[in-house]
J.: 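Quick one: this structure, given as structure tokens, is what I'll be asking you about.
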Amino acid sequence: MTKTVRTRFAPSPTGFLHVGGIRTALFAWLVARQANGTFILRLEDTDKKREVEGSAEHLIESLKTLGLEYDEGPDKPGEFGPYKQSERLDIYREWAQKLIDAGRAYADPYSPAEVQAFREEAQKNKKPYLYRNHRPENPPVWDGTQPLRLKSDPKDYTWQDAVMGELSTGPEVIDDLILVKSDGYPTYNFAHIVDDALMGITHVIRGQEFISSTPNFLNIYEALGIEKPILATMPHILNENGNKKLGKRDGAKDVLDYIKDGYLPEALVSFIATLGWNDGTEQEVFSKDELIEKFSLSRVGKSGAHFDERRLNWVNGQFIRGLSLDTLYELSKPYLPAEAAESEESYNKQVIGLIQERLKYLGEIPELTQFFYTDLPVNLDLITGNKQLKKRELSELRALLEKSQAVLELSDFSAEDIQKRLNNLLEETDEKPGVLFSIIRIATTWSPASPALADTLAVLGKDRVLSRMQQSINTL
RNA sequence: GGCCCCGUCGUCUAGUGGUUAGGAUAUCUGGUUCUCAUCCAGAAGAUCGCGGGUUCGAAUCCCGCCGGGGUCACCA
């Protein structure tokens, strides 16, 4: 019988979550969901110095916002808790004792300065530094104030990685790692192994930065008599220049900032999933349900991918266009210009309807809709910069506007009727749409871009259109 | 520097011995009665990192090199 799949995301609360972190979480979540397994959030808060106030909550909010809900976690007790490492200290101590009793762990008698001297000596001699070359012959009894180290068993390792395939290293990478620090907290190296075993984790999915310490983890599994889980190593997401692993230091953005800018959680998820993964078909965009159905670790690529915001824009646009107007409108509310609060809801909704197909992210709403709510200042550049209009005298344009005004005065202001009347005017004046429609559009919006003219006018409404036209006529 | 991983259009990628190296995005052009966008059509864009092999035949297998990244903490 096969074990129930249990995966985990195990961040340390040292800051926000960027797309790289989210991808690791997403893939772990997908593996669990598609197997009807369990997804766990575990906080690895064993470094008090690096801990950032409030980041645990921020992490949790990020996961929830993206819809990567976990079944067990710090705020979701399960039978394997607690899910915060700082609350599991006695567990690590117990497992450390097992290693001591088995002769596989010992107290480190050296001071940090002495250890540093070993390191520098090795560097000076151009030799790799290994603590185990200085392993004391008769270490003192561990009293908890010294670091506790693994008595390692250096040897070759070859292992399978669900993404990378076969990986191997020689004994030179195996060392006597610190298991428990002198402050009593375990290191990642030790704690995550104990926790994964105790929590029944079947798949350990993590970033490439851990690949070089994996042989040491294997060494610890053996010392502890623990069966190793399935290991899956995710390639890194690189920054836009592609010369570095994406990190907070070089401008990686908090995923919640993308949400604030108006990227949809599902779009972010689809985009991040396809950074390194595809289903082998030509499908480019995936709903969350499709990802759960189709995802597989074996189709995750081995090479790092650049994070390209332009492609994210396209994916997000795809999702926005796929939304119903009602849904899009609800999502749009926080982004509408302040003046929209004084407008009818039905008006606001029509405005959003008009820009749905030109929206890349919700944060663009204010600039795209401003003229629906406020009279923008007259900007003659819009006329002089227009290749059709700049050839005309202002008086000519004014005359066209006056005729248009007269025609629109009679309209019921449905888009159809406006279109019909303007078409008639086109024939009557023998003008090209490029001239007539342009000047009307500009005179009623004073905006460099707007949706189709008749639609825009219909939504703006008769009063607003006619008064803006009058104003423009007066100033031209 | 040692060790490890990676290397197909600018970018995300398909591709596991025989393909005109496919798709998407980005870019450019044309069309959709006006602008921006969407949509549609089209163009350009990859000596498959380089050099050797193996083979009738290599992006695909082998070796070497180069380039990029990761890691060598009482951080995770």
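To find a chain, count down the sequence lines: A is the first, B the second, and so on, and within it residues start at 1. Hydrogens, waters and symmetry mates are skipped; everything else that's a heavy atom, side chains included, is used.
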J.: Rounded to whole angstrom units, what separation is found between the CZ atom of A/Arg310 and the C1' atom of B/U11?
T.: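 Rounding to the nearest Å, CZ of A/Arg310 and C1' of B/U11 are 7 Å apart.
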J.: Any idea which heavy atoms bring A/Pro171 and A/Arg132 closest together, and the distance?
T.: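 In this case the closest contact between A/Pro171 and A/Arg132 is O-NH2, 2.9 Å.
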J.: What does A/Leu426 touch in the nucleic acid at a heavy-atom separation under 4.0 angstrom: a base, only the sugar-phosphate, or nothing?
T.: base
J.: Counting any heavy atom closer than 4.0 Å, what does A/Pro128 reach on the DNA or RNA strands: base, sugar-phosphate only, or nothing?
T.: nothing
J.: Parallel, tilted or perpendicular: which one describes the rings of A/Tyr188 and A/His192, with boundaries at 30° and 60°?
T.: parallel
J.: Quantified in whole Å, what is the P atom distance between nucleotide B/A24 and nucleotide B/C40?
T.: 10 Å
J.: How would you label the contact of A/Leu453 with the nucleic acid (heavy atoms, under 4.0 Å): base, sugar-phosphate, or nothing?
T.: base
J.: Counting side-chain heavy atoms from C-beta on, which of B/C4, B/U25, B/G7 comes nearest to A/Ser303?
T.: B/G7
J.: Within the 4.0 Å heavy-atom criterion, would you say A/Ser450 contacts the bases, only the backbone, or no part of the nucleic acid?
T.: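 Base: the residue A/Ser450, judged by heavy atoms under 4.0 Å, touches a nucleobase.
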J.: Between A/Ile178 and A/Ala305, which residue's closest nucleotide on RNA chain B lies nearer the 5′ terminus?
T.: A/Ala305
J.: Indicate yes or no: does A/Arg104 engage A/Asp153 in a salt bridge with an N to O separation below 4.0 Å.
T.: no
J.: Hey, are A/Glu120 and A/Lys124 close enough for a salt bridge, meaning a charged N less than 4.0 Å from a carboxylate O?
T.: no
J.: For A/Gln116 and A/Tyr110, test the side chains for any donor-to-acceptor distance below 3.5 angstrom and give the result as yes or no.
T.: no
J.: Look at A/Asn278 and B/U13 and indicate whether a side-chain polar atom (N or O) is within less than 4.0 Å of OP1 or OP2.
T.: no
J.: Taking OP1 and OP2 of B/C75, is either one under 4.0 Å from a side-chain nitrogen or oxygen of A/Lys49?
T.: yes
J.: How far does the C1' atom of B/G15 sit from the matching atom of B/A37, given to the nearest Å?
T.: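 After rounding to an integer number of Å, I get 35 Å for this pair.
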J.: Taking atom P in both B/A76 and B/C66, what distance in whole Å separates the two?
T.: 36 Å
J.: How would you label the contact of A/Glu357 with the nucleic acid (heavy atoms, under 4.0 Å): base, sugar-phosphate, or nothing?
T.: base
J.: Below 3.5 Å, does any donor atom in the side chain of A/Gln419 face an acceptor in the base of B/U33, or the other way round?
T.: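 Check passes, donor-acceptor contact within cut-off.
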J.: Is there a donor on the side chain of A/Arg119 or the base of B/A73 sitting less than 3.5 Å from an acceptor on the other?
T.: no
J.: For A/Pro451, report the nucleic acid contact type (base, sugar-phosphate, nothing); a contact means any heavy atom under 4.0 Å.
T.: base
J.: On the nucleotide B/C74, are OP1 or OP2 found under 4.0 Å from the side-chain N or O atoms that A/Arg149 carries?
T.: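 Looking at the OP1 and OP2 atoms of B/C74, one of them is under 4.0 Å from a side-chain N or O of A/Arg149.
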J.: Quantified in whole Å, what is the C1' atom distance between nucleotide B/U20 and nucleotide B/U47?
T.: 16 Å
J.: What does B/U27 pair with, Watson-Crick or G-U, if both distances are under 3.5 Å?
T.: B/A43
J.: Could you check how far CD of A/Glu209 sits from P of B/A73, rounded to whole Å?
T.: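 So the two atoms are 16 Å apart, to the nearest Å.
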J.: Would you say A/Gln318 reaches B/C39's phosphate, i.e. side-chain N/O to OP1/OP2 under 4.0 Å?
T.: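 Yes, A/Gln318 has a side-chain N/O under 4.0 Å of OP1/OP2 on B/C39.
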J.: Let's test your reading of the model: under 3.5 Å, does the base of B/U33 pair with the side chain of A/Asn423 as donor and acceptor?
T.: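 Answer yes: a donor N or O sits under 3.5 Å from an acceptor.
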J.: Round to the nearest Å and state the distance from A/Phe271 atom CZ to B/A26 atom P.
T.: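 Rounding to the nearest Å, CZ of A/Phe271 and P of B/A26 are 12 Å apart.
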J.: Mind checking the P distance from B/G51 to B/G42? Whole angstroms is fine.
T.: 35 Å
J.: Applying a 4.0 Å non-hydrogen cut-off, can you work out what A/Thr46 is touching in the nucleic acid: base, sugar-phosphate, or nothing?
T.: sugar-phosphate
J.: Distance check, C1' atoms only: B/U32 and B/G23, in whole angstrom units.
T.: 25 Å
J.: Could a donor-acceptor pair under 3.5 angstrom be found where the side chain of A/Thr187 meets the base of B/C74?
T.: no
J.: How many whole angstroms separate atom CD1 of A/Ile355 from atom P of B/U38?
T.: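 A/Ile355 atom CD1 is separated from B/U38 atom P by 14 Å.
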J.: Between A/Arg321 and A/Ala449, which has a closest nucleotide on RNA chain B that is more 5'?
T.: A/Ala449
J.: Please determine if a side-chain N or O atom of A/Thr233 lies less than 4.0 Å away from the OP1 or OP2 oxygen of B/C5.
T.: no
J.: Does any nucleotide pair with B/A37 by Watson-Crick or G-U wobble geometry, both distances under 3.5 Å, and what is it?
T.: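 Its partner is none (no Watson-Crick or G-U wobble pair with both distances under 3.5 Å).
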J.: How many Å lie between OH on A/Tyr188 and C1' on B/A76, as a whole number?
T.: 7 Å
J.: Below the 4.0 Å mark, does B/G1 have OP1 or OP2 next to a side-chain nitrogen or oxygen of A/Lys124?
T.: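 No, A/Lys124 has no side-chain N/O under 4.0 Å of OP1/OP2 on B/G1.
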J.: Please say which of A/Met199, A/Arg42, A/His203 ends up in a side chain to side chain contact (heavy atoms under 4.5 Å, CB included) with A/Arg8.
T.: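 Among the candidates, only A/Arg42 passes.
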J.: So does A/Arg299 get a side-chain nitrogen or oxygen closer than 4.0 Å to the phosphate oxygens (OP1/OP2) of B/G15?
T.: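 Checking B/G15 against A/Arg299, a side-chain N or O does come within under 4.0 Å of OP1 or OP2.
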J.: Taking B/C6 as the reference, what is the distance to B/A44 when you measure between their P atoms (whole Å, please)?
T.: 35 Å
J.: Expressed as a whole number of angstroms, how long is the span from A/Tyr106:OH to B/C74:P?
T.: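 In whole Å, B/C74 P lies 12 Å from A/Tyr106 OH.
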J.: Please report the distance separating the P of B/A26 from the corresponding atom of B/G70, rounded so that it comes out in whole Å.
T.: 29 Å
J.: If we check side-chain hydrogen bond (donor to acceptor under 3.5 Å, both in side chains) with A/Asp176, which of these qualifies: A/Arg149, A/Arg135, A/His134?
T.: A/Arg135
J.: Report yes or no: do A/Ser450 and A/Arg441 form a side-chain donor-acceptor pair below 3.5 Å?
T.: yes
J.: Quick one: look up who B/G2 pairs with, Watson-Crick or G-U, both distances under 3.5 Å, and put none if it's unpaired.
T.: B/U71
J.: Once you round it to whole Å, what is the distance between P of B/U13 and NE2 of A/His306?
T.: 10 Å
J.: With respect to the phosphate group of B/G1, does any side-chain polar atom (N or O) of A/Lys127 fall under 4.0 Å of OP1 or OP2?
T.: no
J.: Without swapping roles, check the side chain of A/Asp279 against the backbone of A/Lys294 for a donor-acceptor pair under 3.5 Å.
T.: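 Here the side-chain-to-backbone pair does not exist.
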J.: Does A/Lys302 have a side-chain nitrogen or oxygen under 4.0 Å from the phosphate oxygens OP1 or OP2 of B/C6?
T.: yes
J.: Have a look at A/Gly276 and say if it touches a base, only the backbone sugar-phosphate, or nothing, with a 4.0 Å heavy-atom cut-off.
T.: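 Sugar-phosphate: the residue A/Gly276, judged by heavy atoms under 4.0 Å, touches backbone atoms but no base.
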J.: Do A/Arg441 and B/U35 share a donor-acceptor pair, side chain to base, under 3.5 Å?
T.: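 By the distance-only test, yes, there is a pair.
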J.: What is the distance, to the nearest angstrom, from the CD1 atom on A/Ile440 to the P atom on B/U33?
T.: 16 Å
J.: Watson-Crick or G-U wobble partner for B/G64, using a 3.5 Å limit on both distances?
T.: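 Here B/G64 is engaged in a pair, and the nucleotide opposite it is B/C50.
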J.: State the pairing partner of B/U55; accept Watson-Crick or G-U wobble contacts with both distances under 3.5 Å, and report none otherwise.
T.: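 By the stated definition (distances under 3.5 Å), nothing pairs with B/U55.
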